[in-house]
Enquirer: 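So that we are looking at the same thing, I have put the structure below in structure tokens.
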Amino acid sequence: MTATVVVGVGGGVAAFKAATLVREITRAGHQVRVIPTPAALEFVGTATWEALSGAPVYTGVFEAGGADHVEIARNADLIVIAPATADLMARMRAGMANDLLTTTVLAARCPVLIAPAMHTAMWEHPATQDNCQVLAERGVHIIDPIEGALSSGDSGKGRMPEPEEIARIALSYLPSDATIPMPSEDHSDLAGQRILITAGGTHEAIDPVRFIGNHSSGRQGIAIARCAARRGASVTLVSANIEASLLPDGVRIVPVVSAADMEAAVTALLPEVDIVVMAAAVADYRPLAPAQMKLKKSEETDVPQILLERTPDILAGLARSPQRPACLVGFAAETGTREQVLAFGQEKARRKGADLLVVNPVGQGRGFGDVPNDVHFLDRDGQVVGSASGSKDDVACAILDRVSAIVASTMER
Ligand code: C5P
């Protein structure tokens, strides 16, 4: 199916990369309408955009030829803005409509994807971070800038990812590239909900080269993140050591390493979320005093004794927090017979205080990695209220059905 994609171009050095983005989207068989900001034309001119897209190019609402922003917005299946400058993001956040691009964004109801690019200092400035956060909460999908060489000669975070990568992400938002199954009947039952999902497994440092970790690949949490985004939620994924190629598009990624990092990230994000799903395997213990230098072997000394301490129980802390989210979901990976797994789960459900505990048997080829999953759902009192099995996408969908029902019931109260 041919889609109509508006490619917005902000006034930054990375504007030239948008030419490749336009070419890739056109090559995939879609119609592109390029709308540069006036400043973007300082970098790449109208003639280039018209030649690449085969459509007229305007920057202002009142330009000759008359560009009807409402019509452009109505026809768009997707708006992708690359590069998005700090100034453009600030104007989008403020709801300004002082050029054709911002006016079109305001009038559009299709997904909006932005790829910010700027100097590290500008990206890290609280104003930009705040704008980014607000835009993400409103449902704008953000492709975070990457580390690398910047036009100033400095190096740091702020570089726009390669346009081929942006094109790949953009195409995943179009109906013709519906590679991700949408298992729910209601495609937007989580619209307006802000969901934080933790996934992966924490690493607790023993010394600078060694850690205590676990086998969690992050796949179940990722499936929930993808499915939640498809169902209209604004998704933040707190990713603990997940292989980069597995990370989903269209969600905000917050990387963490240890349980302490995860607790700090979740606590900081808590005021801005409605739902928390703690799918990550968080270490229960960590070395009390990680060595500053690599531990050495020696013939004379005994094997080292590593003293451990408890990590904070993030999930239990969230359940008691005055900022407790409207819906809190925990996971319990357990080993043993079905009866043992359920008994461990029941005890945990009562102790943790989450609205829903997803209990899954692990080990011996079950639970971890690229394998199907089977889970039991327990309520806060430890009662078994259901189960689900199948691919991790199927299980994600079943979990979100329950989340959706819990959210709906809290709204009724
Ligand atoms: O106690 P256990 O590790 O089995 O609990 C599993 C659940 O608790 C998961 O949802 C996990 O993300 C969460 N957890 C936590 N903080 C810890 C340990 C586990 O939030 N320190």
Side-chain angles (χ1 to χ4, degrees), residues 195-205 211-225 228 235-242 254-270 273 275-288 290 308-321 323-325 327-336 340-363 366-368 373 375-380 382 388 392 395-396 398-400 402-403 406:
I195 181 164
L196 185 155
I197 298 158
T198 66
T202 66
H203 289 178
E204 310 301 329
F211 59 82
I212 298 174
N214 59 69
H215 289 299
S216 178
S217 66
R219 282 184 169 85
Q220 185 59 78
I222 285 169
I224 299 169
V235 183
T236 302
L237 182 71
V238 175
S239 156
N241 310 300
I242 298 177
V254 178
V256 296
V257 176
S258 64
D261 296 342
M262 181 172 283
E263 186 186 36
V266 171
T267 308
L269 292 162
L270 197 55
V273 296
I275 302 164
V276 175
V277 178
M278 293 284 298
V282 186
D284 291 322
Y285 301 97
R286 66 185 165 208
L288 177 62
L308 301 178
E309 66 173 351
R310 289 291 297 260
T311 55
D313 191 324
I314 307 166
L315 177 60
L318 288 184
R320 289 191 301 264
S321 162
Q323 291 179 310
R324 186 191 198 284
C327 177
L328 181 59
V329 180
F331 271 67
E334 303 291 353
T335 55
Q340 284 172 318
V341 165
L342 279 176
F344 293 141
Q346 255 151 20
E347 183 276 320
K348 202 162 283 180
R350 293 183 191 127
R351 183 159 46 84
K352 297 267 184 180
D355 300 294
L356 182 73
L357 191 74
V358 182
V359 181
N360 69 317
V362 294
R366 297 189 299 174
F368 291 127
N373 215 357
V375 301
H376 308 285
F377 296 125
L378 272 57
D379 68 10
R380 227 193 246 221
K392 288 190 170 172
V395 169
I399 292 169
L400 289 176
R402 292 198 171 259
V403 166
I406 292 168

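Each ligand, and each atom within it, is numbered from 1 in the order the structure gives. We number each residue from 1, following the sequence as shown.
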Enquirer: Can Arg310 and Asp284 be counted as an ion pair, charged N to O under 4.0 angstrom?
Expert: no

Enquirer: Please report the C-alpha distance between Lys352 and Met278 in whole Å, then the side-chain angles of each, then the deciding distance to 0.1 Å, and finally whether the side-chain contact (heavy atoms from CB on, under 4.5 Å) criterion is met.
Expert: CA-CA 11 Å; Lys352 297 267 184 180; Met278 293 284 298; over 6 Å; no

Enquirer: Measure from every N or O atom of ligand 1 to the protein's N or O atoms and keep only the pairs below 3.5 Å, writing each with atom names and distance to 0.1 Å.
Expert:
unit_1, atom_1, unit_2, atom_2, d
ligand 1, 1 (O), Lys352, NZ, 3.1
ligand 1, 3 (O), Asp284, OD1, 3.3
ligand 1, 4 (O), Lys348, NZ, 2.3
ligand 1, 5 (O), Lys352, NZ, 3.0
ligand 1, 8 (O), Lys352, NZ, 3.1
ligand 1, 10 (O), Met278, O, 2.7
ligand 1, 10 (O), Phe331, N, 2.8
ligand 1, 10 (O), Phe331, O, 3.3
ligand 1, 12 (O), Met278, O, 3.3
ligand 1, 12 (O), Ala280, O, 2.8
ligand 1, 16 (N), Ile314, N, 3.1
ligand 1, 20 (O), Ile314, N, 3.3
ligand 1, 20 (O), Leu315, N, 2.8
ligand 1, 21 (N), Thr311, OG1, 3.1
ligand 1, 21 (N), Pro312, O, 2.8

Enquirer: Check this for me: does any side-chain nitrogen of one of Asp355 and Arg324 sit under 4.0 Å from a carboxylate oxygen of the other?
Expert: yes

Enquirer: Within the structure provided, determine whether Leu315 and Val282 are in side-chain contact (heavy-atom separation under 4.5 Å).
Expert: no

Enquirer: Phe211: which residues meet the ring-ring contact (aromatic ring centres under 6.0 Å, His included) condition with it, sequence neighbours left out?
Expert: His203

Enquirer: Considering all heavy atoms of both residues, which atom of Ile224 and which atom of Leu400 are nearest to each other, and what is their separation?
Expert: O-CD1, 3.7 Å

